[in-house]
Amino acid sequence: VSAEGGRYGTSQVSGNLGGGNETVDFNLSAADFQTDGFNARTTDDVLRDDDGYDNTTAHARVGYNAGENLRLALVGRSVEGSNRYDDCYTTDTFEPTDRCSDDYEQQAWRVAADYQSRRFSHQLSYNGNNTDHKFYAAGQSGFRAKGELQRGSYLGSFTGSDSLRLVYGVDLESESMDDGSFDENRDQAGYFFEYQGSFGDRLFITAGTRLDDNDDFGNHSSYRVSGAYLVAVGAGELKLKGAYGTGFRAPSLYEVAYNNGSFAYPPASETELQEEKSRGYDLGLSWQAAGGLYLEAVYFDQQIEDEIYFDLADYSGYLQASGNTDSSGVELSADWPLLAQLSLSANYTFNNTRTSDGNSRAYRPEHLANLGVNWRPLSGRLVLGLAWRLSRDAEDFDGAELDDYQLLELNASYEVLAGLQIFGRLENALDEDYQEVPTYNTSGAAGYAGLRYSF
């Protein structure tokens with residue numbers, strides 16, 4: 001069980017209970033989160049009210065070992081949330097208001113059966129997911145969207161040897177959406193196969209392909225290949241790796257419904273969305289030393305053809321780029337156990353982005369860095385942590401420069417008694433004043449503390 005609270009009227013309580021034996025096992029968990037929040041938009045200069053958020057989530061799982069090779073599982077999840085925000089429009093007069101809210105409900109479940117034989121494994125599963133999203137403006141009921149997703153799947157594998165494994169399967173997906181004026185459904189069937197092989201415990205290769213048959217957008221095939229080669233160097237190990245893949249995404253029912261609804265207008269209302277296609281690759285090099293030091297460098301390049309995006313200039317709805325949108329760059333990362341009680345982790349990403357018209361992709365920082373330090377004195381009962389984040393050279397959709405910022409978080413925990421832990425953290429410890437998206441406020445320095453008991 002855990003409870004914590006802090007700035008902006010924030011509180012969270014949660015609990016988790018699990019148990020079982022060789023035949024039956026279960027897990028139950030629940031969490032309730034509430035915050036008064038802060039004023040969401042700088043454009044709200046009249047009400048200047050706090051825009052809070054509440055969420056209650058419950059999760060349950062039970063597993064049953066019906067035989068030596070057969071396992072059955074059932075999972076359920078329920079989420080209820082409410083959110084307050086600024087800048088919406090009333091449904092009767094279409095007047096702007098900052099008294100905006102929405103309620104969200106989700107019920108999801110999954111049932112699965114796993115059968116394991118000597119060389120073959122089989123899994124049958126069925127998933128269901130229902131959502132209900134209601135929006136309000138100045139106390140008036142406005143937009144409402146109900147969604148349903150059901151998926152049945154079979155996943156199988158064949159293990160020929162320690163160096164050969166084949167994975168194959170099929171999934172059948174049915175989705176629907178109803179917002180009062182748009183009531184549509186769509187089916188999609190997917191068939192996939194993957195080869196996983198190794199040679200001499202040094203070379204590892206995977207190659208997979210997938211065929212999707214979509215009701216509205218036809219047949220599309222995609223594939224992915226990857227490889228890794230290990231080289232022993234002194235007391236450490238060097239890994240060379242790479243991957244190349246393609247992808248396909250149909251416009252979501254929500255995107256289609258928005259463009260066909262009353263909130264859209266030209267050019268979005270005149271745009272007939274088509275599927276996105278993507279392709280990308282990455283090449284990497286990593287080093288694992290005997291003392292625990294880990295270093296990695298990766299070059300990546302991803303292209304999206306005919307990217308779907310929301311019209312941030314005129315808010316007309318969803319538009320589609322003509323041509324390729326590209327993201328390429330380098331990722332560097334390191335983990336270093338300096339001492340038995342002291343460790344350091346760091347990563348840096350350089351991301352060069354370009355849209356089909358030659359501009360940078362909106363809100364993607366060109367430079368992003370993270371640094372973490374973790375110290376465990378007093379035989380590990382006390383844990384002190386520091387996390388630092390740096391963001392530089394992001395642009396708005398119109399090319400305007402966004403705020404550069406750096407954030408510092410401090411955290412600590414102490415085991416008072418066996419199973420009883422007190423913890424706390426200070427977010428944005430430097431009280432950085434910044435906006436990741438123009439006109440949207442962010443949190444100032446905020447402290448939180450709590451108790452956690454396990455038994």
Side-chain angles (χ1 to χ4, degrees), residues 8-10 33-56 79-107 129-149 175-185 251-273 308-320 362-363 396-398 400 402 435-443:
Y8 303 120
T10 301
F33 175 85
Q34 299 181 18
T35 181
D36 294 336
F38 45 84
N39 191 11
R41 302 287 298 271
T42 58
T43 54
D44 176 13
D45 55 5
V46 177
L47 293 178
R48 298 182 181 179
D49 59 333
D50 293 336
D51 297 299
Y53 175 70
D54 300 333
N55 181 290
T56 301
V79 179
E80 293 185 2
S82 62
N83 180 51
R84 293 172 294 281
Y85 59 101
D86 295 327
D87 194 15
C88 61
Y89 293 86
T90 59
T91 56
D92 54 353
T93 60
F94 210 65
E95 292 292 325
T97 178
D98 290 317
R99 292 176 54 207
C100 315
S101 65
D102 66 74
D103 294 333
Y104 176 79
E105 294 182 7
Q106 179 191 42
Q107 289 79 41
N129 191 327
N130 296 315
T131 59
D132 189 359
H133 211 163
K134 306 173 186 176
F135 295 84
Y136 303 89
Q140 302 176 15
S141 177
F143 181 73
R144 180 179 184 180
K146 291 184 176 182
E148 182 177 1
L149 178 67
E175 58 178 331
S176 63
M177 177 182 168
D178 182 4
D179 66 358
S181 59
F182 179 91
D183 186 1
E184 292 290 336
N185 58 74
S252 70
L253 289 180
Y254 180 84
E255 291 167 339
V256 175
Y258 194 100
N259 277 11
N260 292 334
S262 58
F263 291 98
Y265 52 88
S269 60
E270 299 173 349
T271 300
E272 185 175 348
L273 298 176
I308 299 171
Y309 63 96
F310 192 78
D311 181 7
L312 295 173
D314 300 315
Y315 302 98
S316 65
Y318 288 92
L319 302 178
Q320 190 154 31
Y363 313 134
D396 203 352
F397 68 91
D398 59 359
L402 299 181
Q435 294 179 4
E436 292 184 280
V437 179
T439 75
Y440 284 85
N441 289 316
T442 54
S443 171

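A quick note: this is a predicted structure, and the numbers were derived from the prediction, not measured. These numbers come from the heavy atoms of this one structure, side chains and all, not from hydrogens, waters or symmetry mates.
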Q: Name all residues meeting the salt bridge (Lys or Arg N to Asp or Glu O under 4.0 Å) criterion together with D36; count only those two or more places apart in sequence or in a different chain, and write none if there are none.
A: none
Q.
Contact between E184 and V256 at the side-chain level, heavy atoms closer than 4.5 Å - yes or no?
A. no
Q) If you round to the nearest 0.5 Å, how far is CG of D178 from CG of L253? A) 11.0 Å
Q: With rounding to the nearest 0.5 Å, note down the distance linking CD in Q140 to OG1 in T91.
A: 4.5 Å
(Q) Please determine whether a side-chain nitrogen of the Lys or Arg among R144 and D132 lies less than 4.0 Å from a carboxylate oxygen of the Asp or Glu. (A) yes
Q) Do L149 and T131 touch side chain to side chain, with heavy atoms closer than 4.5 Å? A) no
Q: Evaluate the ring planes of Y318 and Y254, with Trp represented by its six-membered ring, and classify them as parallel (under 30°), tilted (30 to 60°) or perpendicular (over 60°).
A: perpendicular
Q | Note, D102 side chain near F143 side chain (heavy atom, < 4.5 Å) | A | no
Q. Can you name the nearest heavy-atom pair linking P267 to S316, along with the distance?
A. CD-OG, 3.5 Å
Q: Using ring-ring contact (aromatic ring centres under 6.0 Å, His included) as the criterion, list what pairs up with Y136, not counting sequence neighbours.
A: none
Q: State which residues pass salt bridge (Lys or Arg N to Asp or Glu O under 4.0 Å) with R48; sequence neighbours excluded, sorted by chain then number.
A: none
**Q.** Over all atoms of both residues, closest heavy-atom pair of D98 and T43
**A.** OD2-O, 4.3 Å
(Q) What I'd like to find out is whether the side chain of L402 reaches to under 4.5 Å of the side chain of Q435, using heavy atoms alone. (A) no
Q. Can you check whether C88 reaches F135 side chain to side chain, under 4.5 Å on heavy atoms?
A. no
Q | Minimum heavy-atom distance P438-D396, with the two atoms named | A | CG-OD2, 3.3 Å
Q | Check: Y85/N83 side-chain N/O donor and acceptor closer than 3.5 Å | A | no
Q: Drop me the distance from K146's NZ to M177's CE, to the nearest 0.5 angstrom.
A: 12.5 Å
Q) Looking at residues at least two apart in the chain, or sitting in another chain, which of them share a side chain to side chain donor-acceptor pair (under 3.5 Å) with T97? A) none
**Q.** Trace of the side-chain contact (heavy atoms from CB on, under 4.5 Å) decision for E255 with L273
**A.** CA-CA 8 Å; E255 291 167 339; L273 298 176; 4.0 Å; yes
Q. Salt bridge (Lys or Arg N to Asp or Glu O under 4.0 Å) with D87: which residues, sequence neighbours excluded?
A. R41
(Q) Strictly distance-based, threshold 3.5 Å: is any side-chain N or O of N39 a donor or acceptor partner for the main-chain N or O of D44? (A) yes
(Q) Suppose we screen for ring-ring contact (aromatic ring centres under 6.0 Å, His included). Which residues come up paired with Y265, at least two apart in sequence or across chains? (A) none
Q) How many angstroms lie between OG1 in T10 and OH in Y53, if you round to the nearest 0.5 Å? A) 12.5 Å
Q: Can you see which heavy atom on N185 is nearest to which on S176, and at what distance?
A: CB-CB, 3.8 Å
Q. Taking the six-membered ring for Trp, are the ring centroids of F310 and Y258 within less than 6.0 Å of each other?
A. yes
Q) What are the two closest heavy atoms between T271 and N259, and how far apart are they? A) O-ND2, 3.8 Å
Q) What is the minimum heavy-atom distance between E80 and E105, and which atoms define it? A) CG-CG, 4.2 Å
Q) Does the pair T35 and D50 meet the rule for a side-chain contact (heavy atoms from CB on, under 4.5 Å), with working shown? A) CA-CA 10 Å; T35 181; D50 293 336; over 6 Å; no
**Q.** Reference residue Y89; test ring pair (Phe, Tyr, Trp, His ring centres under 6.0 Å); the match among Y315, F94, F263
**A.** F94
Q. Between S181 and D179, is any side-chain donor less than 3.5 angstrom from a side-chain acceptor?
A. yes
